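Here's the structure we're looking at; comments come further down.
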There are 2 protein chains.
Amino acid sequence: MPFTSDTVGLSTEERLRVVGLRPTRQRIGLARLLFDGPSRHVTAEDVFAEAAAAGVPVSLATIYNTLRQFVDAGILREVLAEPGRAYFDTDVSDHHHFFHVRDGRLEDAPVGSVQIAALPEAPEGARIGRIDVIIRLEPASDD
Amino acid sequence: MPFTSDTVGLSTEERLRVVGLRPTRQRIGLARLLFDGPSRHVTAEDVFAEAAAAGVPVSLATIYNTLRQFVDAGILREVLAEPGRAYFDTDVSDHHHFFHVRDGRLEDAPVGSVQIAALPEAPEGARIGRIDVIIRLEPASDD
DNA sequence: ATAGCTGCAAATGCTTTGCAAGGCC
DNA sequence: GGCCTTGCAAAGCATTTGCAGCTAT
């Protein structure tokens, strides 16, 4: 169960409040959908479908707005794996990804499989904000 | 001067032919624009503007189509740095990137600054196709 | 009560495509 | 000449936004 570390033991409502978001019906519903259970990778459409299936009444527009708010609040991470489609990772801790080109599936890379050696420091007035590593897995070409 | 290693010494036209593309006026013009001189990172719009400035008559649609053909031909690399906008790198050799969030600028990361440790095996029937590493540089403002 | 949400639909921005005219071999 | 390309505009997608009505505090 992801979410920020300083919100352990809090209810979904309280956790939303902690990150500065008013706990509305749809935000609570989406937060539960996303953060209860193991971490995973979803697209806006995925969430939309799941919300519908779970009986959470939300429009696609609100899904997009809410996902972005969660990202800004630091409880969700955006992952760029494919052009034209945004993936969201409910695990915001430092880790990298495998992307299955064949079916567009995103998967966590085993911890420690990627190592950053000497990181050159950023130019004046800049700092390293995040490091995205995506290991692209393609169907083994049949020769 | 990028391009595939086995085309050294060939004219732009011949090099296009080598990768299976008919050397048309616009493909030659774009190839020269992109591959003559040091490697760089561009968007479709950048290329469009440069082509216009250089007097190469090309439509935006053809720019997009051509860039994709170049990518498929292996002489250009697509880099995902921002959602909704594709960057292209004229250097297809193994290397990683710095992305300046502030101004959307893409830059090569110094060689050797990133090191991949134990790469986990790829699942049945899959192989590692490419590894994208993007180091996000943000304005060092207040945290 | 009121500032903040939500939903719908229309708008946006990047990229692709359909199809007629033109260029390369 | 035949077939691949180009160009324009229109179509597509994913995502964002404007605004009236609703809701949490």
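The chains referred to below are lettered A, B, ... by the order of the sequence lines, with proteins before strands, and numbering in each begins at 1. Predicted, not measured: the structure shown is a model, and the values here were computed from it.
Put simply, A:Ser59 has a side-chain N or O that comes within less than 4.0 Å of OP1 or OP2 on C:dG7.
A straight line from CG of B:Leu21 to P of D:dT5 spans 7 Å, rounded to a whole angstrom. Atom CD in B:Gln69 sits about 13 Å away from atom P in D:dC4, given to the nearest Å. A:Glu82 has its CD atom 11 Å from the P atom of D:dT15, to the nearest Å. Following rounding to the nearest Å, A:Phe70 (CZ) and C:dC5 (C1') show an atom-to-atom distance of 13 Å. Separating the CD atom of A:Glu13 from the C1' atom of D:dT25 is a distance of 12 Å, rounded to the nearest angstrom. Atom CG of A:Leu67 and atom C1' of C:dT6 are 15 Å apart (whole Å). Here C:dC8 presents its P atom at 12 Å from CD1 of A:Ile63, a figure rounded to the nearest Å. Straight-line distance from the CG atom of B:Leu16 to the C1' atom of D:dT6: 16 Å, rounded to whole Å.
Listed by chain and residue number, nothing satisfies the salt bridge (charged side-chain N to carboxylate O under 4.0 Å, His left out) test with B:Arg27 (two or more places apart in sequence, or in another chain). Judged as a salt bridge (charged side-chain N to carboxylate O under 4.0 Å, His left out), and not counting sequence neighbours, the contacts of B:Asp103 are B:Arg105. When the side chain to side chain donor-acceptor pair (under 3.5 Å) test is applied to A:Arg130, the partners found at least two apart in sequence or on another chain are A:Asp132. Looking at residues two or more places apart in sequence or on another chain, you find no salt bridge (charged side-chain N to carboxylate O under 4.0 Å, His left out) involving B:Asp89. A search for ring pair (Phe, Tyr, Trp, His ring centres under 6.0 Å) contacts involving A:His97 returns A:His41, A:His95, not counting sequence neighbours. Applying the salt bridge (charged side-chain N to carboxylate O under 4.0 Å, His left out) rule to A:Glu78 yields the partners A:Arg68; only residues at least two apart in sequence or on another chain are considered.
Membership of the apolar cluster around B:Val101 extends to B:Val79, B:Tyr87, B:Phe99, B:Leu106, B:Ile134, as traced through chained side-chain contacts below 4.5 Å between ILVMFWY residues.
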Grab the N/O contacts between the protein and nucleotides 13-16 of chain C below 3.5 Å, and write none if there aren't any.
residue: C:dC14; atom: O3'; partner: B:Gly84; partner atom: O; Å: 3.3
residue: C:dT15; atom: OP1; partner: B:Ala86; partner atom: N; Å: 2.7
residue: C:dT15; atom: OP2; partner: B:Tyr64; partner atom: OH; Å: 2.5
residue: C:dT16; atom: OP1; partner: B:Arg68; partner atom: NE; Å: 2.9

Could you pull out the protein-nucleic contacts involving nucleotides 22-24 of chain D (nitrogen or oxygen on both sides, under 3.5 Å)?
residue: D:dA24; atom: OP1; partner: A:Arg25; partner atom: NH2; Å: 3.2

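Within the structure, side chain to side chain donor-acceptor pair (under 3.5 Å) contacts touching residues 43-59 of chain B (residues at least two apart or in different chains) are B:Arg40-B:Glu50, B:Thr43-B:Asp46, B:Ser59-B:Thr62.
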- [ ] Let me see the working for A:Thr12 and A:Phe35 under side chain to side chain contact (heavy atoms under 4.5 Å, CB included), right down to the final yes or no.
- [x] CA-CA 9 Å; A:Thr12 299; A:Phe35 305 115; over 6 Å; no
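Shortest non-hydrogen contact noted between A:Pro23 and A:Arg17 is CG-NH1, 3.5 Å. Shortest non-hydrogen contact noted between A:Leu21 and A:Ala73 is CD1-CB, 4.3 Å. Residues B:Leu76 and B:Thr90 approach most closely at CD1-CA, 3.7 Å, considering heavy atoms.
Direction of the helix axis in the helix from C:dA1-D:dT25 to C:dC25-D:dG1 shifts by 30° between the two five-pair termini, rounded to 10°.
If you take CG on B:Leu60 and CZ on B:Phe48, they are separated by 4.5 Å, rounding to the nearest 0.5 Å. Summarising the geometry, atom CG belonging to B:Asp94 is positioned 7.5 Å from atom CD1 belonging to B:Ile131; distances are rounded to the nearest 0.5 Å.
For the segment residues 48-56 of chain B, no residue has any heavy atom less than 4.0 angstrom from an atom of DNA chain C.
At the heavy-atom level, B:Pro83 lies nowhere under 4.0 Å from the strands shown.
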